[in-house]
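Everything numeric here is computed off the predicted structure, so don't read it as measured data. Keep in mind that the numbers below use all heavy atoms, side chains included, and drop hydrogens, waters and symmetry copies.
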Number of protein chains: 2
Amino acid sequence: MGRVFGVMNRFLSNATNRIDAKGRVSVPAPFRAVLAQRDIQELYCLQDLVFPAVSVGGPDLLERYERQIAQADPFSPEANAMSLLVHGGGVYMRLDAEGRLMVTDFIRDFTGVTTEVTFVGRSDHFQLWQPQAFHEAQAAARAGRATFAARPA
Amino acid sequence: MGRVFGVMNRFLSNATNRIDAKGRVSVPAPFRAVLAQRDIQELYCLQDLVFPAVSVGGPDLLERYERQIAQADPFSPEANAMSLLVHGGGVYMRLDAEGRLMVTDFIRDFTGVTTEVTFVGRSDHFQLWQPQAFHEAQAAARAGRATFAARPA
DNA sequence: TGGGACCATATGGGCGTCAATGGGAAGCCG
DNA sequence: CGGCTTCCCATTGACGCCCATATGGTCCCA
């Protein structure tokens, strides 16, 4: 195998792939490379806390969320809601031999994807988005960010 | 080979190159020299927050943004949105053996470039612009009006 | 000082490889 | 027995890697 470059060991950038007649979609090769490098074979999926997107990562993703829940006040509505999402909404998935995953109703219902899926890198995990929703969310984030950009950090 | 002069270790000035039939464009040699001097082999690209331009730099460019994210609560909506921009909107690129890069739809859509690309030095990184948009933005900056109209959808 | 050789950059294009996609066939669970 | 899933193989279109050419500028030398 070729050399793995220093910063490519994170999930970065985005790509949109088609869902085939059987409901499968290819995970972009760069993302699969990251998964392979981290020895991640079992994928854990859960809903994003603020966006209509499904987060996908290894078991470490689940652990990160559980730590966050543990830190919060156990009686707070936030911790309660998070536990509901993380523990009640989480799903395990596997890739097939060609590096594709099944787009289940869980994914379709929450993200709104129908024919295409946008894979979005999030550094330590990646997300599945309905293409249009991703573009809109990014445009909104940029707009909100630009208003503060004028001020020095 | 020759001695590298102090002033050449930064991205300065601008140049416009053509996009060929395969969608490639040569990065100006002075910029490539800076990249080589800094040992930058993988390029990190991100949409500018205020201009219709794509910023290109080394891994340090990404790390600068990531430091900002790290300062916020990792589960906050703000950090989430920021990561959506930096990780989801960022792209890694490599130059081919001749020092060219692919002009992807990502670049075309955001900058509006079609047949030519203007490379603009920004000291620690450089940017890709649609030639006319660059001239207009520069003229506006010269006139002292930093405000820039929203670009057309 | 003018001409010409030399050189680096920008550009064009062929070709092989790999990823994305499509579809068949066998296996599993209802 | 039927639908759905999993494994496997075929296709194709894009991208990376390679070499060729042109063009403009610089340097050297007469």
Margin query: Measure CD/B/Glu98 against C1'/D/dC19 and give the value in whole Å, please.
Written below: 8 Å

Check: So, does B/Arg10 use its side chain to make a donor-acceptor pair with the main chain of B/Gly121 at under 3.5 Å?
Finding: no

Next item on the list: Round to a whole Å and report the spacing from CG of B/Leu95 to C1' of D/dC17.
Entry: 14 Å

Check: Which part of the nucleic acid, if any, lies within contact of A/Val27, taking any heavy atom under 4.0 Å across all strands shown: a base, the sugar-phosphate backbone alone, or nothing?
Finding: sugar-phosphate

Check: Just by distance, do the side chain of A/Arg122 and the backbone of A/Val56 share a donor-acceptor pair under 3.5 Å?
Finding: no

Next item on the list: Map B/Thr104 and B/Ala97 onto DNA chain D by nearest heavy atom, then report which one ends up closer to the 5' terminus.
Entry: B/Thr104

Item checked: Distance test, side-chain N/O of A/Arg100 to OP1/OP2 of D/dT6, below 4.0 Å -> no

Notebook entry, point to check: Hey, what bend do you get for the helix from C/dT1-D/dA30 to C/dG30-D/dC1 if you fit axes on five pairs at each end, rounded to 10°?
Noted result: 20°

Next item on the list: Quickly work out the B/Arg18 CZ to C/dT9 C1' distance and round it to whole Å.
Entry: 14 Å

Next item on the list: Give the cluster check for B/Ile19 versus B/Phe31: same hydrophobic cluster or not, with ILVMFWY residues linked at side-chain heavy-atom distances below 4.5 Å.
Entry: yes

Note to self: Between C1' on C/dG22 and CG on A/Asp96, what's the gap in Å once rounded to a whole number?
What the structure shows: 13 Å

Note to self: Of the options C/dT21, C/dG12, C/dT9, whose atoms approach the side-chain atoms of B/Arg24 most closely?
What the structure shows: C/dG12

Next item on the list: Using whole Å, report how far CG of A/Leu101 lies from P of C/dA20.
Entry: 12 Å

Item checked: Any donor-acceptor N/O pair, B/Arg108 side chain to B/Thr114 backbone, under 3.5 Å -> yes

Notebook entry, point to check: So among A/Val54, A/Leu62, A/Leu61, which one has a side-chain contact (heavy atoms from CB on, under 4.5 Å) with A/Leu46?
Noted result: A/Leu61

Note to self: Does C/dA10 have OP1 or OP2 under 4.0 Å away from a side-chain N or O of B/Arg32?
What the structure shows: yes

Checklist line | For atom NZ of A/Lys22 and atom C1' of C/dA20, their distance in whole Å | finding: 15 Å

Margin query: Between A/Tyr65 and B/Phe75, does the ring pair (Phe, Tyr, Trp, His ring centres under 6.0 Å) criterion hold? Intermediate values first, please.
Written below: CA-CA 9 Å; A/Tyr65 274 87; B/Phe75 286 85; 5.1 Å; yes

Next item on the list: Nearest whole angstrom, please: distance from the C1' of C/dG22 to the CG of A/Asn17.
Entry: 14 Å

Notebook entry, point to check: More 5' along DNA chain C: B/Thr16 or A/Pro30, using each one's nearest nucleotide?
Noted result: B/Thr16

Item checked: Inter-residue atom distance B/Glu136.CD - B/Trp129.CH2, 0.5 Å rounding -> 10.0 Å

Next item on the list: Check the distance between C/dA19's P and A/Leu35's CG and give it to me in whole angstrom.
Entry: 14 Å

